[in-house]
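First the structure, in the form of structure tokens, and then the observations on it.
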Amino acid sequence: MYFPYLYGKQKELIAVRLLSNRLAIEASVQPVLEPVRTDAATLKITLKLCEKSKLNTWLVLNPQLSRFRGHEPDAALAWGVETMGALAL
């Protein structure tokens, strides 16, 4: 099993989207996404496609990283809950 650790940059998310069907079929890769930006539009699209492809994907929220830095941990948690709530298919 391989868990590539990605920071949710646009090119990384596009790569995950393009490979999601193949990765889900092979079932040997589970991407770990740790977004460094609070703009979640591309992230949401990617997570929805991973869900549709049945690709196991992990989401890590780190309040000490990039745009989350300086915010209270509760703010990062609220962002994560809002982001995941928006993924209802």
If you group Ile, Leu, Val, Met, Phe, Trp and Tyr by side-chain heavy-atom gaps below 4.5 Å, do [X] and [Y] land in one group?
X   : Y   : answer
F3  : Y7  : yes
Y2  : L55 : yes
L49 : L19 : no

Practice problem: Please assess E34 against Y5 for the test side-chain hydrogen bond (donor to acceptor under 3.5 Å, both in side chains), listing each intermediate value before the final yes or no. | Solution: CA-CA 7 Å; E34 182 179 358; Y5 205 91; 2.4 Å; yes

Quiz item: What residues form a side chain to side chain donor-acceptor pair (under 3.5 Å) with Q10, not counting sequence neighbours?
Solution: none

Practice problem: Check side chain to side chain donor-acceptor pair (under 3.5 Å) between N21 and all other residues, then give those that pass, not counting sequence neighbours. | Solution: S53

Self-check item: Closest heavy-atom pair and its distance - L13, G8
Solution: CD1-O, 3.3 Å

Self-check item: Non-hydrogen atoms of A27 and M1 that approach each other most closely
Solution: O-CE, 3.5 Å

Quiz item: Tell me, which pairs form a salt bridge (charged side-chain N to carboxylate O under 4.0 Å, His left out) where one or both residues lie in residues 16-28, sequence neighbours left out?
Solution: R22-E26

Quiz item: So, do V32 and P4 sit near enough that their side-chain heavy atoms are less than 4.5 Å apart?
Solution: no

Quiz item: Does some side-chain heavy atom of T46 sit less than 4.5 Å from a side-chain heavy atom of T57?
Solution: no

Quiz item: Taking the side chain from E51 and the backbone from L47, do they hold a donor-acceptor pair closer than 3.5 Å?
Solution: no

Practice problem: Output the distance between atom OG (S28) and atom CG (L23), rounded to the nearest 0.5 Å. | Solution: 7.0 Å

